[in-house]
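Sequence lines set the chain letters: A, B, ... in the order given, protein chains first and strands last, and positions in each chain run from 1.
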Amino acid sequence: MAPKSTSKKDKSPPSDPDGMFSGMVVFLIETGVQSRRLQIWKQKLVQMGAKIEERFSKNVTHVFAIDANSLLQKVDRERLTRSKAKLLAYQWLEDSLTKGEKEFEDLYVLSLQSGGGGSLSPKADNGSHPNSSEITPKKGRSSAEDAKNASPRHMIDAKDLAVVDSRDTKSASSLATRSSSPEVASPEVGTSDSSSLYKPPDLNRNITQIFGKLINIYRALGDDRRSFSYYKAIPVIEKLPFKIESANQVKHLPAIGKSMQDHIQEIVTTGKLSKLEHFEKDEKVKTISLFGEVWGIGPATALKLYEKGHRTLDDLRNEDSLTHSQRLGLKYFDDIQSRIPRHEVEEMERLLQKIGEEILPSVIVVCGGSYRRGKSSCGDMDIVITHADGKSHIGFLPKFVKRLKDMKFLREDLVFSVHSTEGTDSGVDTYFGLCTYPGRELRHRIDFKVYPRDIYAFGLIAWTGNDVLNRRLRLLAESKGFHLDDTGLFPATHGAGGKRTKGSASLKFDTEKQVFDFLGFPWLEPNERNL
DNA sequence: TGGCAGCGCAC
DNA sequence: GTGCGC
DNA sequence: GCCA
C-alpha cells in the first residue's frame, strides 16, 4: 500500500565520484525497510559515489540490511561468510548521513551467529517481513510492533531502526516514480534538494505506527471497512513534511475525519492511544488476531475457536472442526509466513515456464504479483497463464498441476477450480496451493490463473497489482461508465435491476497498455505500480 | 444513509 | 447460506 | 473508519 509514489523529482542528481561513499559497491536487503526511506538511502548512496548492485555479486563491498535475519533470508549464510563484503545495519547509513562522514563500520556489523538459516522463530521472522500489502490490508502482520518486540536481539538500535510498516517495501528500480496520486497532496519529502542535508522521513511515525496496528486488529475482528480507513489514512500522514503537533494541522486532509483527528490529538499529546492499549492487552483480541493469521481462518472462525477455549496455535491442532485448508494453513504456518527471495521466484518462474512449454508449446506463463512489480522478496507467487491461440489454454491447468505434483513442486492443494471448459467464470481456471523450491520442504503459497487470451491483459493487470492501482483503475473505469475486474472491462449495465449483465462480453484488449490507454490512465511499467 | 468489488470455492 | 481469500 |  502506501502510495510511495510521492512526486519524486525526475532529476536524478548526478552522482559524485568523490562523494563520501565513493568506491563502495553495495547490495541492499530491502526486507523490512520502509520504501520511502529505502528510496532516499539509494539516492544518497548513488549521489555520493556508491554503486548499487541488484544482485549479491562478487564485487559487492557492502551489504546493508535491517538486521541479520532479513539478511539471511535473502542471501545464503555460506555466500555471506565466503564473501569479503561488510555486512552492515542500515543504521550505519543513517548515522553517516547525519554525521556527514562515514561512521566507524565495526560498530554496525551484523552478526550471523543467531538464527539458523531457516530456523528463525516465526515471530522474529514475521516482524522483519511484514506482508507487503498485496491486494488488501488483509493479513498484514502487526508490522512494526512485531519487528521490535520479537527480535530485539537483532536490533542495533530499536529506537527507530526497527521501523517497519505493514505495507510495501518498494524496490524502486527507478527512483523517479511517477506520481499518479491526485487525491493526496504530495509535499516534497526527503527527495534531495541539492543540499546534502539528510531528512529522515516518517516524522509522524508515532501516529502511523499506531494506526498500522489498528489496521490489523480491526481486520482480525472482521471490521474490514474500519480497518481500511486506517489503511488509507497512513499514506496521507506519511507524506506530511512536518511533525504533527495538533489535530488542527490535519483536519482538512483527505481520509482524516473526526475520529482520526481525535486519535491523532491523543497520540501527539499523550504519546499513546488508549484504545489501542486496551486492544493490546485484551486476551480475546490477541488470540483472535493470532488465529486469523492461519490461512483459511478468518474473523468468524477465529472467534469460534476462541470461544471453544483455544488460546494457542498448538491448541488448534486437536480441533476437529478445522477444514482441510485450515489444517494445512496451520501445519505450514511458519512456512507460509516466510518470504521468498526474488531470485528464487525467478528460478521457479523459469521452471514453470519450462514445464508449461512441455505440456503446451507456446503457453505463456508469467509470475505476477509483487515479483512482477520488482520486489526483492515475495510473500507468495501469482502465476498468470494464457495461450496466444485463444483456445488451447483450455484444459491446460489440470495437466499442468498434475505434472507439477508428480515432480513434487506442488505439494498440497488448497483450492482447485476449472471452468474454461464450461463457460462460467469467464473461463478462468484457478488453482491455489502450496509449492516448494526444488530440493526443499519449505512451503510457499502459489496461485495459478489461466485466462483466455482475449482477457489475459485484465488478468495480468489485476494480478500484478498493486491493490491501490487496481482500485484506482476500477474507479476510473466506473467513472467512465465501465466495470473493470480481472476478467475484463464491461460496458456499465447500470440502471434498474441487473447489476452486471453476465451476457455482455468484455471489451477485448491485447495488452495492458491498451487497457491503460483506453481508460486514460498514464502507463506504468510493472515496477512502477507500487503505489 | 449507504458506498467502500464481487467472485467461486469449501463446508 | 456463511466464511474465506483473492 | 471516511465520504458523498
Can you check the [X] [atom1] to [N] [atom2] distance for me, whole Å?
X      : N     : atom1 : atom2 : value
A:F228 : B:dG3 : CZ    : C1'   : 12 Å
A:L475 : D:dC3 : CG    : C1'   : 13 Å
A:N470 : B:dG6 : CG    : C1'   : 13 Å
A:W463 : C:dG5 : CH2   : P     : 13 Å
A:R225 : B:dG3 : CZ    : C1'   : 8 Å
A:D485 : B:dG6 : CG    : C1'   : 8 Å
A:D413 : C:dG5 : CG    : C1'   : 16 Å
A:I336 : C:dC4 : CD1   : C1'   : 14 Å

Legend entry - Expected output: side-chain A:D315 to main-chain A:G309 donor-acceptor under 3.5 Å: no

Where the side chain of [X] is defined as all heavy atoms beyond and including C-beta, which of [options] is the nearest nucleotide?
X      : options             : result
A:K304 : C:dG3, B:dA5, C:dG5 : C:dG3
A:W295 : C:dG3, C:dG5, B:dA5 : C:dG5
A:D447 : B:dG6, C:dC4, C:dC6 : C:dC6

Below 4.0 angstrom from OP1 or OP2 of [N], is there any side-chain N or O of [X]?
X      : N     : result
A:R445 : C:dC6 : yes
A:T301 : C:dC4 : yes
A:R474 : B:dG3 : no

Inset, instruction - Decide whether a cation-pi geometry holds between A:R529 and A:W523; the criteria are a distance under 6.0 Å from NZ or CZ to the six-membered ring centre and an angle within 45° of the ring axis. - result: yes

Inset, instruction - Rounded to whole angstrom, note down the P distance from B:dG3 over to C:dC6. - result: 26 Å

Legend entry - Rounded P spacing from B:dG6 to D:dC2 in Å: 23 Å

Legend entry - salt_bridge(A:E441, A:R443) N-O dist < 4.0 Å: yes

Inset, instruction - Check every strand shown and say whether A:L214 touches a base, only sugar-phosphate, or nothing at a heavy-atom separation below 4.0 Å. - result: nothing

Inset, instruction - I would like to know whether A:R219 and A:D224 meet salt bridge (charged side-chain N to carboxylate O under 4.0 Å, His left out); could you show each step before the answer? - result: CA-CA 5 Å; A:R219 165 68 206 175; A:D224 288 24; 2.4 Å; yes

Between protein and nucleic acid, restricted to nucleotides 9-11 of chain B and to nitrogen or oxygen atoms under 3.5 Å apart, what atom pairs and distances do you find?
residue: B:dC9; atom: OP1; partner: A:H419; partner atom: NE2; Å: 2.6
residue: B:dC11; atom: OP1; partner: A:H324; partner atom: N; Å: 3.2

Inset, instruction - Check step by step if side-chain hydrogen bond (donor to acceptor under 3.5 Å, both in side chains) holds for A:K213 and A:N216. - result: CA-CA 5 Å; A:K213 295 178 185 178; A:N216 295 324; over 6 Å; no

Legend entry - Validation row, ring centre A:Y218 to ring centre A:F279 under 6.0 Å: yes

Inset, instruction - Give a yes or no on whether the ring-centroid distance for A:F400 and A:Y431 is below 6.0 angstrom. - result: no

